[in-house]
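For reference, the structure discussed in these notes is given below.
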Amino acid sequence: MKQIQGIKGVRDVLPGESDVWHHIRQKARDVFQTFGYSEIVIPVIEFTELFTRSIGETTDIVEKEMYTFDDRDGKKITLRPEGTASVVRAYIEHNVRETSPFSKLYYTGPMFRRERPQAGRYRQFYQIGAEVFGIGHSMIDAEVLSMLNLLLDSLNIKGVELQINSIGCPQCRPAFREALRNFFADKRSELCENCQRRFEFNPLRILDCKATHCHKLAEKAPKTLDYLCSECLTHFKGLQDSLKTAGVPYVLNQRLVRGLDYYTRTTFEFVGTSLGAQNAVAAGGRYDNLVEELGGPSTPAIGFSIGMERLVSLFDNSSMERRSSGIFIAALGETAQEKAFFLLTQLHRQEIPAVMDYSGGSLKSQMRKADKLNARHVLIIGEDELAKGIAILRDMKNKTQEEVPFSEIVQKLRGEISI
RNA sequence: GUGGGCGUAGCUCAACUGGUUAGAGCACUGGACUGUGGCUCCAGUGGUUGGGGGUUCAAGUCCCCUCGCUCACCCCA
């Protein structure tokens with residue numbers, strides 16, 4: 001029979017790694033909470049239009065990467081390729097601004113993009129994201145970056161660099177686009193095929209091109225900061241001042257241009273130096289017009305998302321404590337198993353972590369299992385113990401053991417064992 | 001969508017220019033220790049060499065097809 005495999009670009013997170021995932025998510029929740037964020041749970045599917053309108057018709061995501069299908073009633077539905085659009089939709093749809101004091105939201109979950117998989121890139125990948133609505137001040141930009149910085153620190157992540165840039169606003173960006181067009185106009189034939197297309201619809205992206213020749217050409221290209229309007233410039237300077245106040249290290253990267261259409265002003269990326277080609281661990285930016293463009297009231301906003309798989313690959317799990325199974329019950333013979341099973345249920349009722357081996361194998365093999373599961377204590381029950389009405393309680397670490405009457409076991413374990 | 005690299009035991013990998021019964025470490029099971037884990041030693045289980053076809057006296061090795069993985073481009077978390 002043919003073996004059924006998982007879908008390309010989709011993976012299973014097995015026990016062991018899943019402990020790391022849990023740890024990271026927990027840390028993120030803790031850090032977000034100290035900054036005043038609340039969780040929002042958003043759906044995995046949305047009407048296709050939400051993404052085409054927010055991310056942009058001509059972006060790669062919308063043009064060729066979305067998983068889109070017809071619902072039974074003929075409506076177009078898409079598996080979300082990112083989270084911001086849904087959060088904004090929910091924010092508007094439930095009038096969160098008027099009905100709730102919370103303007104800082106975070107989410108976690110899978111995103112879907114049909115790209116060719118490679119290191120750090122999957123077709124189903126997980127993000128932890130956060131968005132702040134209604135604050136246009138540059139200090140919140142710095143606060144958001146400071147929060148990310150703190151999270152990476154608290155996870156002991158090394159070798160990550162924060163890069164920031166400003167891509168201006170609808171007032172000043174057109175002038176910059178024109179300047180870029182003028183600059184590249186006579187060099188057009190030298191650009192790579194892709195950049196020739198970019199010249200037409202999004203010249204900013206030429207700056208981002210990794211083709212060596214384009215990269216070289218772009219070195220002398222106009223810089224975005226020279227074309228910012230005074231408001232955008234003030235905002236960007238304010239951000240840098242606040243980053244210094246907060247003690248968040250960063251570097252300026254004037255080529256940092258994000259691929260999604262909705263970004264304005266601040267854009268940023270936390271880049272992992274040891275990650276290979278897909279090196280952005282976390283990225284985001286300000287999007288002051290998106291809420292309005294999606295039909296809401298004019299509301300400035302900023303957000304980011306973290307690539308879970310990439311963060312996990314930077315995480316050093318050697319310092320993580322190995323999980324313990326708590327109590328392991330080894331029973332020898334059928335009558336002893338009955339008794340052991342009863343004790344097991346009693347322990348579980350007291351929320352004492354406990355597992356039992358049903359294999360009926362030798363004591364040696366059961367002890368080996370207990371060791372592999374990193375059990376703190378083993379309860380041994382055999383014919384002799386049954387006859388005496390006791391169980392042997394063995395401390396696996398101190399290698400000591402004592403006899404405990406059946407009637408006292410639960411109480412003893414509840415009182416003496418700190419798991 | 002385009003290119004490169006690679007598919008041998010559960011995992012990591014051997015097997016000279018094609019040549020006998022495809023090996024090792026780890027893991028697993030058992031024993032040394034008749035009911036007590038880790039360490040050590042010994043033994044054992046485990047393979048349609050991804051799949052299909054071809055060349056040959058002979059294919060893990062060469063050729064073709066196919067499936068899969070992987071890295072990079074593109075793009076992005």
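Naming convention: chains lettered A, B, ... in sequence-line order (proteins, then strands); numbering from 1 in each chain.
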TODO: Looking at every strand, decide which applies to A/G129 at a 4.0 Å heavy-atom threshold: base, sugar-phosphate, or nothing.
DONE: nothing

Open item on the list: Taking any heavy-atom pair under 4.0 Å as a contact, classify A/L260: base, sugar-phosphate, or nothing.
Closed with: sugar-phosphate

Write down the protein N/O and nucleotide N/O pairs, taken from nucleotides 40-46 of chain B, whose separation is under 3.5 Å; answer none if there are no such pairs.
none

Open item on the list: If the condition is side-chain contact (heavy atoms from CB on, under 4.5 Å), which residues does A/T299 pass it with, not counting sequence neighbours?
Closed with: A/Y91, A/R97, A/F133, A/V291, A/P297

Open item on the list: Between A/R173 (side chain only) and A/I167 (backbone N and O only), is there a donor and an acceptor less than 3.5 Å apart?
Closed with: yes

Task: Members of residues 60-70 of chain A that approach RNA chain B, where some heavy atom sits under 4.0 Å away - done: A/D60, A/E65

- [ ] Look at all strands and tell whether A/A330 reaches a base, only sugar-phosphate, or nothing, counting heavy atoms closer than 4.0 Å.
- [x] nothing

Task: Ring-face cation of A/K187 near A/F183 (centre distance under 6.0 Å, axis angle within 45°) - done: yes

TODO: Not counting sequence neighbours, which residues clear side chain to side chain donor-acceptor pair (under 3.5 Å) with A/E49? List them please.
DONE: A/R53

TODO: Assign A/Q5 to base, sugar-phosphate, or nothing according to its heavy-atom contacts below 4.0 angstrom with the strands shown.
DONE: sugar-phosphate

Open item on the list: Output the pairing pattern of RNA chain B as a dot-bracket string, 5' first, Watson-Crick or G-U wobble with both distances under 3.5 Å, | for cross-strand pairs, [ ] for crossing pairs.
Closed with: (((((((..((((.....[...)))).(((((.......))))).....(((((..]....))))))))))))....

- [ ] Please examine the side chains of A/M308 and A/I24, heavy atoms only from C-beta on, and report whether any two atoms are closer than 4.5 Å.
- [x] yes

- [ ] Determine the contact category for A/T59: base if any of its heavy atoms lies under 4.0 Å from a base atom, sugar-phosphate if only primed atoms, P, OP1 or OP2 are that close, otherwise nothing.
- [x] nothing

- [ ] Start with the C-alpha distance between A/F184 and A/F199, add both sets of side-chain angles, then the distance that settles ring pair (Phe, Tyr, Trp, His ring centres under 6.0 Å), and finish with yes or no.
- [x] CA-CA 8 Å; A/F184 284 113; A/F199 183 89; 7.3 Å; no

- [ ] Select base, sugar-phosphate, or nothing to describe what A/K369 touches, counting heavy atoms under 4.0 Å on all strands.
- [x] nothing

Open item on the list: Within the 4.0 Å heavy-atom criterion, would you say A/V378 contacts the bases, only the backbone, or no part of the nucleic acid?
Closed with: nothing

Task: Qualifying side chain to side chain donor-acceptor pair (under 3.5 Å) pairs with a residue from residues 141-150 of chain A, counting only residues at least two apart or across chains - done: A/K104-A/E143, A/D141-A/H235, A/D141-A/T266, A/D141-A/R286

